[in-house]
Amino acid sequence: MVRALAAGYPDAHCELDFTNPLELTVAVILSAQCTDKRVNEVTPALFAKYRTAADYAGADRAELEEMIRPTGFFRNKAASLMGLGAALVEKYDGEVPGRLEDLVALPGVGRKTANVILGDAFGVPGITVDTHFGRLVRRWGWTEHTDPVKVEHAVGELVPRKEWTLLSHRVIFHGRRVCHSRKPACGACFLARDCPSFGTGPTDPAEAAKLVRGPETEHLIDLAATVNGGAAR
């Protein structure tokens with residue numbers, strides 16, 4: 001399944017727009033209970049105004065809240081961003097640290113966020129257990145755990161460390177595009193033959209194909225038809 005995911009999503013990547021570790025950290029904080037697309041609509045103006053950790057630390061709270069309001073929970077997120085900026089200035093000379101233990105101690109940064117930062121900003125392998133990742137690996141029988149840390153460790157024992165970051169992106173891509181929470185596109189899934197949860201969603205290829213989302217839709221449907229012999233098994 002890991003090899004199949006690589007074939008299905010050869011260009012999988014973090015879908016948040018950023019150019020440096022600070023921007024990624026801010027974007028991931030904003031992405032809590034918000035779509036990456038919405039975050040990417042907000043961050044260009046935000047990153048233009050707040051370029052350094054000191055900028056966030058000294059931000060006018062009301063102004064910052066208004067800029068990030070579309071991402072939801074903007075008051076809590078503004079407090080996290082200002083606290084993040086202050087902590088980075090005080091402890092790390094304004095730079096985002098590249099160690100898990102340092103990252104998780106920062107305001108607004110949990111283990112999931114830290115693994116995203118490590119993998120995509122520093123090239124340190126990490127498994128990002130978001131709702132998509134947890135749901136899919138349980139559907140696939142990779143683990144029965146629901147606790148994100150236990151899921152992370154369980155999957156980490158199954159997959160080589162060097163593949164952790166890309167695997168995270170590929171699983172998340174699959175969750176957003178094919179293996180939806182309520183109605184997965186089972187009949188148009190290139191993992192159907194190996195999936196113990198096949199049949200959770202519609203198995204008819206034509207019906208399932210209508211559920212596939214994203215820019216890779218045509219590629220994913222074609223790949224599923226090739227793997228499944230033109231039909232659900």
So which heavy atom on Pro107 is nearest to which on Ile29, and how close? O-CD1, 4.0 Å
Would you check if Tyr92 and Asp102 make a side-chain contact, meaning some heavy-atom pair closer than 4.5 Å? yes
Would Phe122 and Val96 count as a side chain to side chain contact (heavy atoms under 4.5 Å, CB included) if you check the C-alpha gap in whole Å, the side-chain angles of each, and the deciding distance to 0.1 Å? CA-CA 10 Å; Phe122 293 102; Val96 176; 4.2 Å; yes
About how many Å separate CD1 of Ile127 and OG1 of Thr165, when rounded to the nearest 0.5 Å? 8.5 Å
Run the numbers on Phe47 and Thr19 for side chain to side chain contact (heavy atoms under 4.5 Å, CB included), then give the verdict. CA-CA 10 Å; Phe47 293 162; Thr19 62; over 6 Å; no
What is the distance from atom NZ of Lys210 to atom NZ of Lys183, rounded to the nearest 0.5 Å? 9.5 Å
Contact between Leu88 and Leu84 at the side-chain level, heavy atoms closer than 4.5 Å - yes or no? yes
Transitive ILVMFWY side-chain link Leu64 to Val109, under 4.5 Å: yes
ILVMFWY cluster, Val28 and Tyr56 together (side-chain gap under 4.5 Å): yes
Heavy-atom neighbours of Asp60 CG exceed 12 at 6.0 Å: yes
Check for me whether Arg177 meets the cation-pi criterion with Phe173, that is, NZ or CZ under 6.0 Å from the six-membered ring centre and within 45 degrees of the ring axis. yes
Report, as yes or no, whether the 6.0 Å neighbourhood of atom CZ on Arg61 holds more than 12 heavy atoms from other residues, nucleotides or ligands. yes
Salt bridge or not between Glu63 and Lys49? Use side-chain N to carboxylate O under 4.0 Å. yes
Taking a hydrophobic cluster as the set of Ile, Leu, Val, Met, Phe, Trp and Tyr residues connected by side-chain heavy atoms closer than 4.5 Å, whether directly or through intermediates, do Phe133 and Leu158 fall within one such cluster? yes
CD of Glu95: more than 12 outside heavy atoms within 6.0 angstrom? no
CG of Leu136 to OG of Ser197, rounded to nearest 0.5 Å, is 9.0 Å
In terms of hydrophobic clusters joined by side-chain contacts under 4.5 Å, are Val171 and Val2 together? yes
Do Lys150 and Asp147 sit within salt-bridge range, that is, some charged N less than 4.0 Å from a carboxylate O? no
Would you call the rings of Trp140 and His174 parallel, tilted or perpendicular, taking 30° and 60° as the class edges? tilted
I'd like to know if Leu211 and Val227 are part of one continuous hydrophobic network [Ile/Leu/Val/Met/Phe/Trp/Tyr, side-chain heavy atoms within less than 4.5 Å]. no
Any idea which heavy atoms bring Val212 and Ala185 closest together, and the distance? CG2-CB, 4.0 Å
Electrostatic pair Asp36:Arg176 at N-O distance under 4.0 angstrom: yes
If you take all heavy atoms of Tyr50 and Ala59, which pair is closest and at what distance? CE2-CB, 3.5 Å
Return yes if some donor-acceptor pair links the side-chain N/O of Lys162 with the main-chain N/O of Pro125 below 3.5 Å, else return no. no
Minimal non-hydrogen separation, Ala192 against Cys186, with atom names: CB-O, 3.8 Å
Heavy-atom donor-acceptor pair, Arg135 side chain to Cys179 backbone, under 3.5 Å: yes
For Pro97 and Leu106, which heavy atoms make the closest approach, and how far apart are they? CD-CD1, 4.0 Å
Contact between Phe190 and Asn228 at the side-chain level, heavy atoms closer than 4.5 Å - yes or no? no
If you define the side chain from C-beta out and look only at heavy atoms, does anything of Val155 sit under 4.5 Å from Leu167? yes
Salt-bridge contact Arg111-Glu152 (side-chain N to carboxylate O under 4.0 Å): yes
What's the separation between atom CD1 in Ile68 and atom CG in Leu81, rounded to the nearest 0.5 Å? 5.0 Å
Is there a side-chain contact between Val151 and Arg138 (heavy atoms, below 4.5 Å)? yes
Taking every non-hydrogen atom, the tightest pair across Gly98 and Leu118: O-CD2, 3.2 Å
Does Pro184 reach the side chain of Val178, with side-chain heavy atoms less than 4.5 Å apart? no
Can you tell me if CZ on Phe73 sees more than 12 non-hydrogen neighbours from other groups inside 6.0 Å? no
Val129 vs Lys112 side-chain heavy atoms within contact, under 4.5 Å: no
For the pair Glu65 and Arg69, evaluate salt bridge (Lys or Arg N to Asp or Glu O under 4.0 Å) and give the outcome as yes or no after the intermediate values. CA-CA 6 Å; Glu65 287 180 355; Arg69 178 185 291 268; over 6 Å; no
Could you tell me the separation between the CZ atom of Arg193 and the CE atom of Met1, rounded to the nearest 0.5 Å? 13.5 Å
Measure from the side-chain N and O atoms of Lys77 to the backbone N and O of Ala32, and report whether any donor-acceptor pair falls under 3.5 Å. yes
For Leu191 and Leu5, what are the C-alpha separation, side-chain angles and deciding distance, and is it a side chain to side chain contact (heavy atoms under 4.5 Å, CB included)? CA-CA 8 Å; Leu191 299 175; Leu5 284 165; 3.9 Å; yes
Just checking, any donor-acceptor pair under 3.5 angstrom between side chains of His169 and Asp120? yes
I need the single residue from Asp17, Leu30, Thr35 that forms a side-chain contact (heavy atoms from CB on, under 4.5 Å) with Asn40. Which is it? Asp17
Say you draw a straight line from OG1 of Thr25 to CD1 of Ile117; how long is it, rounded to the nearest 0.5 Å? 3.5 Å
Any sub-3.5 Å donor-acceptor pair from Glu163's side-chain atoms to Val159's backbone N or O? no
If you draw a 6.0 Å radius around CD in Glu218, do more than 12 non-hydrogen atoms from other residues or ligands fall strictly inside? no
Are the side chains of Phe18 and Thr43 in contact, using a 4.5 Å heavy-atom criterion? no
Indicate yes or no: does Arg139 engage Glu144 in a salt bridge with an N to O separation below 4.0 Å. no
Carefully, step by step, assess Cys14 and Leu24 under the rule side chain to side chain contact (heavy atoms under 4.5 Å, CB included). CA-CA 10 Å; Cys14 177; Leu24 177 59; 4.1 Å; yes
